[in-house]
Amino acid sequence: MTAKITRLTPNSLPDTSAVGYAQISIAHPGRMAFVSGQVAGAEAVAKGFEAQVADVMLKAHAALFALETTPEDIVLARVYVVGLDEVRLGICVAQFNAFCNGATPSLTGVGVAALAGPGLLVEMELQVLLGD
């Protein structure tokens, strides 16, 4: 059986086609979406860690909206944090919980030395269950 994968980069997320990846991949059958790691925009990067986390959550919300899903449909969220410590972990968890609005998906936090661009401090990817 040949796997069918639909690639999607909605207008509400950065166009990454020139870099060589899609923001969202939908695998059939099984109807799962894999949202590429979302990072903060330049304005949030300039404002610091909390602003970056807030911007990442806004982009995750935009991805869920494009997929016609909610945080209830997130199977797994993976968050990468430069210089992960108790303070940064607390900020991430608080903003993630606010974003999830009561939903409790699986969550993995990973401390890393660096992310793909200068000044980036947090990145989050999602695995989302889609409806029929």
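As a basis for the values below, the full set of heavy atoms in this structure was taken, side chains included, without hydrogen atoms, waters or symmetry mates.
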TODO: Could you check if a side-chain atom of I24 sits within less than 4.5 angstrom of a side-chain atom of R7, using non-hydrogen atoms only?
DONE: no
Open item on the list: More than 12 heavy atoms of other residues, nucleotides or ligands under 6.0 Å from CG of D85: yes or no?
Closed with: yes
TODO: Indicate the atoms forming the closest heavy-atom contact of A33 with L67, along with that distance.
DONE: CB-CD1, 3.7 Å
Task: Validation row: V81, C92 side chains within 4.5 angstrom (heavy atoms) - done: yes
TODO: Examine the side chains of Q95 and E50 and answer whether a donor and an acceptor come within less than 3.5 Å of each other.
DONE: no
Task: Shortest non-hydrogen contact between P105 and I74, atoms and distance - done: CB-O, 3.2 Å
Task: Side chain to side chain, L64 and V128, heavy atoms closer than 4.5 Å - done: yes
Task: Verify same cluster id: V82, Y80 (apolar side-chain graph, 4.5 Å) - done: yes
TODO: Would you check, one step at a time, whether the test side-chain contact (heavy atoms from CB on, under 4.5 Å) holds for V35 with Q23?
DONE: CA-CA 6 Å; V35 180; Q23 292 287 4; 5.6 Å; no
Open item on the list: Would you say that Q52 contacts V45 through its side chain, given a criterion of any heavy-atom pair below 4.5 Å between the two side chains?
Closed with: yes
- [ ] Would you indicate whether the side-chain heavy atoms of M57 and Q38 approach each other to under 4.5 Å?
- [x] no
TODO: Give the cluster check for I91 versus F99: same hydrophobic cluster or not, with ILVMFWY residues linked at side-chain heavy-atom distances below 4.5 Å.
DONE: yes
Task: Euclidean distance, F34 CZ relative to R78 CZ, rounded to 0.5 Å - done: 10.0 Å
- [ ] Measure the CD-CG distance between E125 and L76 for me, rounded to the nearest 0.5 Å.
- [x] 7.5 Å
Open item on the list: Which heavy atom of A63 sits nearest to which heavy atom of L13, and what is that distance?
Closed with: CB-CD1, 4.0 Å
Open item on the list: Between F65 and L8, is there shared hydrophobic-cluster membership here, with clusters defined by ILVMFWY side-chain heavy atoms closer than 4.5 Å?
Closed with: no
Open item on the list: For a quick test of reading the model, state the closest non-hydrogen atom pair linking D55 to G41 and the distance between them.
Closed with: OD2-N, 2.6 Å
Task: Atom of L120, atom of A40 and distance for their closest heavy-atom approach - done: CD2-O, 3.6 Å
Task: Sub-4.5 Å side-chain heavy-atom contact between L129 and R31 - done: no
Task: L130 and E68, any side-chain heavy atoms less than 4.5 Å apart - done: no
Open item on the list: Quick check against the 3.5 Å criterion: does S36 have a side-chain atom that pairs as donor or acceptor with the backbone of A22?
Closed with: yes
Task: Same apolar cluster (I L V M F W Y, side chains within < 4.5 Å links), V112/V79 - done: yes
TODO: Could you pull out the closest heavy-atom pair between V39 and K59, with the gap in Å?
DONE: O-NZ, 2.8 Å
Open item on the list: I'd like to check L126 versus M124 (side-chain heavy atoms, cut-off strictly below 4.5 Å). Are they in contact?
Closed with: yes
